[in-house]
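Model, not experiment: these values are computed from the prediction. Chain identifiers are assigned alphabetically (A, B, ...) following the order of the sequence lines, protein sequences preceding nucleic acid strands; residue numbering begins at 1 within each chain.
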Protein chains: 2
Amino acid sequence: MQMKTGVEQSVYAILLLNFLPPKAVLSGEIISKQLGGSPTYIQKILRKLVNADLLISVPGIKGGFRLKKDPEDIRIYDVYLAVEGKQSLYSSSGIFYDMLNLKEKDICLLSDLMEEAESSWQSILKRETIASLSKEINNNCPKENLQMLKNIVNEKMVYKG
Amino acid sequence: MQMKTGVEQSVYAILLLNFLPPKAVLSGEIISKQLGGSPTYIQKILRKLVNADLLISVPGIKGGFRLKKDPEDIRIYDVYLAVEGKQSLYSSSGIFYDMLNLKEKDICLLSDLMEEAESSWQSILKRETIASLSKEINNNCPKENLQMLKNIVNEKMVYKG
DNA sequence: GTACTTTTACTCGGATACCGTCTGTCCGAGTAATTATGG
DNA sequence: CCATAATTACTCGGACAGACGGTATCCGAGTAAAAGTAC
């Protein structure tokens with residue numbers, strides 16, 4: 001039971017795209033180069049984010065990706081959901097019913113508990129957004145390193161039209 | 001990212017063993033028959049619970065398993081831990097450091113958040129125990145079905161010595 | 001009847017096979033800006 | 001100079017290979033109660 005690395009990659013990819021000025025995009029290749037993972041796989045992850053309406057993709061030459069929403073409106077939970085899907089952490093296999101020969105699925109002892117736990121877990125991930133994480137970066141990272149990354153983004157981005 | 005079915009099996013196996021009178025044991029085969037899973041695999045799960053000090057195992061003829069602790073002292077989280085291990089749900093692959101060229105692992109943006117979320121998740125699983133779940137069963141299940149299960153346990157259990 | 005041996009029914013833990021999922025790669029298709037070409 | 005065609009550099013999404021972990025099976029070893037055996 002471990003979170004996919006794709007979630008981590010997604011969050012940082014989005015944080016990277018958050019550096020872009022309006023209307024500019026960054027190609028998947030550049031993004032993957034900055035993240036450091038395998039390029040083709042990160043492209044796949046980016047497409048998931050597009051399908052989840054978190055990113056906009058621009059095809060064709062000078063194409064690439066940019067945020068679709070304001071960073072305040074992108075919750076970390078949304079990113080998780082886009083990559084992991086909406087299935088819950090725990091899914092009962094019905095042992096309880098079988099063991100007690102219950103006909104109706106009235107109560108599921110563990111399911112209720114697990115759902116409460118997962119809900120509690122989600123609430124933390126819903127609280128934080130790309131904007132809040134970005135702010136945290138600005139406050140806690142050496143300005144130098146941060147500026148260096150921003151410079152790369154500004155150098156590699158392209159405007160459409 | 002899904003919880004192992006072994007966790008569910010473990011919880012219900014323990015709830016089953018909670019019906020036993022003191023000093024009595026139930027063999028792995030009987031337990032697996034009640035749970036309905038594959039016998040050999042459930043034996044493996046039971047051994048994990050023994051290693052985690054949740055169960056006591058008695059080898060030899062008339063051997064089997066019984067609880068090692070009071071049901072009040074077995075938290076659902078303990079069961080989870082015994083089966084899933086103590087690794088956290090999220091583990092950073094260090095993208096953040098690489099991206100910003102940080103030397104020291106001062107802050108990990110996502111790790112802190114994910115740890116908080118997991119901690120919140122765990123607190124729910126730590127709150128509930130085998131005793132509390134058992135109580136809930138007694139309150140919410142048809143007495144008939146419950147008694148039928150208890151009868152099977154009483155029939156199949158063996159005393160040592 | 002007592003001491004000893006064998007049988008029996010369990011647990012223990014390692015080795016291994018199977019299978020689904022996550023990771024990673026590849027390719028053809030679609031798209032749009034740029035460049036080349038022809039008049 | 002303008003219109004059209006070819007090139008280029010992207011994304012899109014499906015197909016597929018590889019790695020890994022959870023599930024499942026099997027086996028020999030250890031253990032202890034019960035049954036059998038010898039005296």
Taking atom types as modelled, find out whether B/Asn151 and B/Glu155 have a side-chain donor-acceptor pair closer than 3.5 angstrom.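 Distance-only check fails for B/Asn151 and B/Glu155.
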
So, does the side chain of A/Lys62 form a donor-acceptor pair with the base of D/dT11 at under 3.5 Å?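 In this structure, the two groups form no donor-acceptor pair.
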
Using atom [atom1] of [X] as one end and atom [atom2] of [N] as the other, report the distance to the nearest whole Å.
X       : N      : atom1 : atom2 : answer
B/Gln43 : C/dA9  : CD    : C1'   : 12 Å
A/Lys44 : D/dG14 : NZ    : C1'   : 8 Å
B/Glu8  : D/dG22 : CD    : P     : 17 Å

Answer yes or no: does a side-chain N or O of A/Ser38 lie under 4.0 Å from OP1 or OP2 of C/dT25?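 Yes, within the criterion.
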
Below the 4.0 Å mark, does D/dT23 have OP1 or OP2 next to a side-chain nitrogen or oxygen of B/Thr5?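 So the side chain of B/Thr5 is within the cut-off, an N or O lying under 4.0 Å from OP1 or OP2 of D/dT23.
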
Between B/Arg127 and A/Glu116, does any NZ, NE, NH1 or NH2 come within less than 4.0 Å of an OD or OE carboxylate oxygen?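 The answer is yes: the pair qualifies as a salt bridge.
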
DNA chain C: A/Gly6 or A/Arg47, which has the more 5' nearest nucleotide?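 With A/Gly6 and A/Arg47 compared, the 5'-side residue is A/Gly6.
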
Verdict with reasoning, A/Tyr80 to A/Trp121, per ring-ring contact (aromatic ring centres under 6.0 Å, His included): CA-CA 12 Å; A/Tyr80 164 82; A/Trp121 179 80; 5.0 Å; yes

Assign [X] to base, sugar-phosphate, or nothing according to its heavy-atom contacts below 4.0 angstrom with the strands shown.
X       : value
A/Thr40 : base
A/Gln2  : nothing
B/Gly37 : nothing

Got more than 12 heavy atoms from elsewhere within 6.0 Å of NZ, B/Lys69?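 More than 12 within 6.0 Å, yes.
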
Checking contacts here: which listed nucleotide (C/dT25, D/dT11, C/dC10) is nearest the side-chain heavy atoms of A/Tyr41?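 Selected nucleotide: C/dT25.
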
